[in-house]
Amino acid sequence: MARKSHLPSLEDLFDLPDDYLKGPQSKSLRPALIEGTERESRQDRLLKYWPKTGTEADNELREIWRHERLQVDRIMSYPGAEDLFAGVVAMIETSDTFCIVHEPGPMPLAGKLRTAPRRSWMRALDIPANRIVLWRNLARLSRALSILHSRGLLHGRIDEYAVFTEGTSDPDFRLGGFEWSLVLGERAAAPQTLQAARGRLESLTYSYAHDWKALGCLFASLVGVDPAKVREEDPFTAGTAIELIEGEIDFLRMMIDPDRDEVVEASAVVKAVAALGRELSGHGNSRSGKFLLLFRPNQKMSETIYDLSEQTIDSADVPSQRLFVESDLATGARIAAASGEDDPDHLFVLTDTTSYRVQRFTELGTETWQVGVVTAIKARDEDFALRECDVFPVRHSIEVLPNKEVVVRTLSKASDDILEWTLPLVKEATTEEDPETRTLRQAFLLVQSVEAILRALEILPIEIVGTRRESGKIIVQLMPRSTERDEIAASIGDRATADVMEKLFDKDDQGVDVDWRISTSGGLGGTGSGDVPARFETATRGDAGERIYEFSAFDLPRREDSLFLRKKGDHGTESLIKRRLRTSRVIGEQRDLVTMFVDPRRNLKPSSDLLEKDGHFTELDPAKREALEALWSTSPTHLVVGPPGVGKTKLVSEIIRRKLANEPAASILISSQSHQALDHVLRATDRVLNKYGTDAIVVRSPGAEGSISTDADIRLRAIEYLEKASASTLAANSPAGLQSGLRELLDAFKQAARPDAVNTEQRENEGMRAHTALVLDSANLVFSTSTSSDVERLVDEGSQFDWAIIEEAAKAAGPDLLAPLSLSGRRLFIGDHKQLPPFDSERINAILADGSVVRSLLKGADRIIGSAFYDTGLEELTAVAADDSQLNRVRTMAIRVFEPFRALVVEDESRRAIVGGARRASCSFSTEWTRTLPGWYRPVSTTIA
């Protein structure tokens with residue numbers, strides 16, 4: 001029997017109408033759908049609930065309900081998920097139900113189809129404009145499904161109950177109904193009660209392909225197409241009054257029963273929907289339109305047709321070859337072009353047997369895609385595949401022309417009916433950048449520009465005034481050289497080159513024990529390939545009393561003019577700057593990241609994660625318990641603030657342990673600016689996981705200068721997995737080439753793990769990168785510095801973690817945090833805003849605070865950092881500097897994002913003082929410590945509002 005409960009009933013919490021939107025169906029375990037009003041807040045809600053039975057069946061229902069809650073939290077942490085998935089306000093258990101409380105407005109499509117008014121677009125899909133709305137809604141759901149699959153989740157039951165909508169004419173479909181979803185590769189089996197419930201439902205399917213097919217079948221049913229007959233000449237159900245164009249039927253065929261050229265994924269669906277929109281809007285939909293193809297076979301084409309025709313068409317018989325091409329294209333053709341291109345250099349026209357490479361016509365003094373020119377023909381066999389291509393069906397006739405004269409005549413007679421070959425190629429529509437995002441993006445660029453200019457000022461212009469040989473070495477005499485660098489330095493109150501060299505080598509001896517390079521490159525973006533290593537020896541005076549600095553070297557630079565003195569390794573700094581610039585694109589891709597930097601309270605909301613107050617919880621001190629409760633119940637961003645020694649690392653370890661205990665397939669990124677802090681957290685986490693026997697895959701990115709600091713190093717993990725794979729029965733029975741490849745890859749990783757490692761062959765590097773990506777994807781815990789190449793790789797691949805935890809957040813500048821923060825929609829900052837700030841923060845903040853200084857720097861920015869900042873928006877930033885109001889806005893934001901942790905904590909402290917704790921906390925303070933701290937630390941309350 002079900003356990004007794006003192007919980008309130010559903011009607012205690014909500015005013016409920018007499019009629020359901022959809023009644024519960026116990027046999028299929030479908031929940032009830034009903035609109036209600038929350039008694040306490042008087043807010044309208046949509047309720048989805050499973051009625052309790054008072055029997056053991058309630059155990060199954062409870063597991064279904066819990067499973068959906070878990071998947072909703074996992075999915076909604078993904079950037080952009082809120083716009084594509086059904087919003088959940090709360091998950092509550094009452095005395096008589098297991099209930100999911102949805103936001104008011106959207107309801108399951110099944111209910112909306114039943115209640116939609118007669119004039120709704122849903123009831124008039126015979127109108128092309130309404131079908132455009134329908135297909136755009138399908139594109140939205142394809143994006144949602146892509147997010148789901150990227151998290152290793154299969155939906156399992158996409159139907160009219162899993163799609164939510166308000167039914168407006170603006171596309172708004174959202175995906176919900178995750179009670180039957182499944183996590184691929186989850187090492188812990190689902191509870192037996194949930195497995196038993198799944199086993200009774202024959203309609204559940206678990207593969208990515210089945211999810212896509214289910215989505216296609218749902219939309220086919222909405223337009224009167226029988227999914228089982230989609231490949232037949234007449235695929236419509238009896239009585240269907242909707243007349244679809246051929247493109248729509250082809251689109252449904254692609255979704256439900258794709259052929260070998262068609263890849264069903266979100267990007268392909270979105271592009272296909274854009275093309276359908278053009279056709280349904282009347283653009284390019286002329287039934288009399290045709291494509292023109294100029295076919296002038298060369299010897300190789302003739303030989304190919306000879307083989308394709310089974311040696312029946314002689315290589316000299318051009319008319320028969322042209323007839324072959326016409327007949328082949330008439331069997332059905334597709335256009336294939338590089339993904340994302342709407343004006344490619346070339347494309348392919350595909351039939352079942354042949355691939356035609358086609359270029360634009362260029363022989364009339366202008367280039368045009370109104371005529372395609374065949375430049376190569378290849379036979380298609382079973383292994384034929386086009387990589388990174390979008391494929392579109394050709395739904396108009398193709399006229400094959402023999403020569404340029406016929407082309408000219410045909411164009412002059414029927415130019416209005418001739419279609420461009422690029423017609424089907426449609427790029428995804430881009431949305432206009434909103435002002436807030438633009439300001440934030442420009443602020444990040446300004447911070448990085450200032451940082452880069454300051455690094456560039458450390459490169460000193462010099463000239464060689466003499467050389468001599470001494471003890472087998474070359475003594476090179478250098479003097480400072482006056483350049484525009486001194487003007488830029490003066491604009492920010494910095495030293496001229498002569499003064500810098502005097503301080504380095506005469507006064508403070510700061511440059512004595514430094515490895516220097518005499519370089520021909522004086523700005524950011526150089527390769528360092530021609531640099532000459534040099535070591536400072538002494539400072540002397542010339543005949544006129546000028547300062548001369550002597551360096552020892554084993555070679556001379558390739559030229560003697562326009563030389564620079566720079567520190568060894570500063571090219572690595574340039575690589576870091578470029579890496580940060582590349583990852584800055586996430587600002588425009590993730591709206592919630594913009595909100596987090598601008599005002600994280602704007603999207604602060606409660607999480608439905610349940611915090612079990614077990615023995616581990618009671619072992620924590622009161623401050624940590626309160627912080628754990630706050631961060632566990634708050635999404636998507638939380639900050640934990642406290643001085644050294646209060647146990648912030650212990651709190652992080654407990655968060656990780658709990659997450660993995662509840663979700664064995666969970667993935668967490670732990671990032672920090674410093675390797676030392678990262679290793680400290682890793683050691684503490686290892687102790688906790690080992691103590692409680694938590695099984696997890698832990699990976700650590702390479703340490704400082706590529707060192708191996710832990711057994712969890714990604715190279716050692718890769719070796720471990722490759723050794724197991726090589727020793728497996730599967731590998732022993734595999735082809736010799738595969739076995740050899742495994743051994744070569746294993747040897748390459750072993751070489752890379754040696755202290756004296758050198759670069760391996762390019763082919764091995766590619767294999768290593770691919771295997772490294774697999775290891776990163778499979779890990780539960782990834783420990784990586786915020787600017788590592790592994791983090792950049794994860795960003796490039798669109799990876800997402802359940803949580804991203806930033807350790808020592810106060811020490812990191814905003815540009816360093818962008819990449820790790822973009823890798824999860826659930827973010828936790830750990831740090832102390834009263835500890836060390838980011839490097840050179842005092843000087844950078846002073847520059848950003850002075851508009852005239854910023855303006856002066858940007859005037860010379862292109863000359864000093866232009867090569868590194870090519871195509872990043874530096875010209876746009878220079879234009880901003882010409883407008884005082886725009887520049888002030890960007891500077892203010894730049895100061896904020898340069899030290900984001902400090903800005904967020906100070907802002908939260910200020911708000912806490914105003915509202916007196918009346919709001920949900922976005923920040924927790926640890927106040928208990930075990931050692932004496934400086935007097936400027938003061939006790940504060942454990943949470944702020």
Side-chain angles (χ1 to χ4, degrees), residues 77-80 150 437 440-449 451-452 572-598 600 636-637 639 667-675 677-678 681 699-704 714 769 772-773 775-777 779 781-831 838-839 868-869 872-873 894 896-901 904:
S77 68
Y78 196 99
S150 71
T437 300
L440 185 70
R441 176 179 55 77
Q442 293 170 344
F444 269 100
L445 182 59
L446 177 58
V447 170
Q448 293 180 90
S449 299
E451 288 180 313
T573 302
E574 295 173 16
S575 297
L576 174 61
I577 290 171
K578 291 179 181 178
R579 186 178 297 154
R580 296 196 313 181
L581 286 170
R582 286 193 297 270
T583 56
S584 294
R585 70 179 188 277
V586 300
I587 297 172
E589 297 171 354
Q590 298 186 13
R591 175 62 204 177
D592 68 317
L593 198 60
V594 175
T595 302
M596 194 220 72
F597 278 104
V598 175
T637 302
L639 291 76
S667 59
I668 303 173
L669 172 68
I670 302 93
S671 190
S672 174
Q673 189 192 43
S674 77
H675 290 282
L678 205 60
V681 178
V699 170
R700 164 70 156 94
S701 288
I714 192 165
R769 284 193 291 271
T772 297
V775 175
L776 288 170
D777 286 343
L781 306 178
V782 174
F783 289 80
S784 187
T785 51
S786 55
T787 55
S788 74
S789 59
D790 284 338
V791 168
E792 183 185 19
R793 181 184 297 115
L794 290 164
V795 172
D796 289 341
E797 293 174 351
S799 299
Q800 282 292 301
F801 292 80
D802 294 307
W803 283 61
I805 300 176
I806 309 297
E807 182 60 82
E808 288 194 345
K811 295 182 181 179
D816 292 333
L817 295 177
L818 264 181
L821 289 175
S822 72
L823 290 171
S824 179
R826 190 82 182 267
R827 307 172 181 111
L828 175 63
F829 293 81
I830 308 287
F839 175 73
F869 278 65
T872 62
R896 179 183 181 87
V897 302
F898 176 59
E899 295 185 77
F901 185 80
L904 295 176

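Atom set for the values below is all heavy atoms of this structure, side chains included, hydrogens, waters and symmetry mates excluded.
Within the 4.5 Å cutoff, the side chain of E451 has heavy atoms near those of the F898 side chain. Put simply, the side chain of I830 does not reach to within 4.5 Å of the side chain of I806, judged on heavy atoms. Proximity of V782 to L776: side-chain heavy atoms (C-beta onward) are separated by under 4.5 Å at one or more points. Two residues are said to be in side-chain contact when any heavy atoms from C-beta on lie closer than 4.5 Å; F597 and L821 meet this criterion. Counting heavy atoms from C-beta outward, M596 and P636 have side chains that stay 4.5 Å or more apart. For the pair L678/T785, a side-chain contact is recorded, criterion being any heavy-atom separation below 4.5 Å from C-beta on. Counting heavy atoms from C-beta outward, I714 and P702 have side chains that approach closer than 4.5 Å. Taking the side chain as every heavy atom from C-beta outward, L669 and W803 never approach each other to under 4.5 Å.
Between A819 and V795 the shortest heavy-atom distance is O-CG2, 3.7 Å. Closest heavy-atom contact between E808 and S672: CB-OG, 4.2 Å. Contact between L817 and A812 at its shortest, heavy atoms only, is CD2-CB, 3.6 Å. Contact between L581 and Q448 at its shortest, heavy atoms only, is N-OE1, 3.5 Å. Scanning all heavy atoms of the two residues, the minimum distance from E797 to D777 falls at OE1-OD1, 4.1 Å. The heavy-atom pair separating S822 from L593 by the smallest distance is CB-CD2, 4.1 Å.
Between the S788 side chain and the V791 main chain, a donor and an acceptor come within less than 3.5 Å of each other. A donor-acceptor pair under 3.5 Å is formed between the side chain of D802 and the backbone N or O of S667. Between the side chain of S701 and the backbone N or O of S784 there is no donor-acceptor pair closer than 3.5 Å. In this structure, R580 contributes its side chain and P815 its backbone to no donor-acceptor pair below 3.5 Å.
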H675/R700 under side-chain contact (heavy atoms from CB on, under 4.5 Å): CA gap, chis, key distance, verdict: CA-CA 10 Å; H675 290 282; R700 164 70 156 94; 3.2 Å; yes
Checking V699 against F783 for the side-chain contact (heavy atoms from CB on, under 4.5 Å) test, could you report, in this order, the C-alpha distance in whole Å, the side-chain angles of both residues, the deciding distance, and whether it holds? CA-CA 6 Å; V699 170; F783 289 80; over 6 Å; no
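Between R793 and D790, at least one side-chain nitrogen of the basic residue sits less than 4.0 Å from a carboxylate oxygen of the acidic one, meeting the salt-bridge criterion.
Atom CZ of R826 sits about 13.0 Å away from atom CG of D592, to the nearest 0.5 Å. Rounding to the nearest 0.5 Å places CG of L818 at 11.0 Å from CG of L823. Distance CZ/F801 to CZ/R827: 13.5 Å, rounded to 0.5 Å. Atom CD1 in I577 sits 12.0 Å away from atom CZ in R582 (nearest 0.5 Å).
T437 and R591 share a donor-acceptor pair across their side chains, judged by distance under 3.5 Å alone.
In this structure, F829 and F901 have tilted ring planes: the angle between them lies in the 30° to 60° band.
For S786, the side-chain contact (heavy atoms from CB on, under 4.5 Å) partners are S671, Q673, D816, P820, not counting sequence neighbours.
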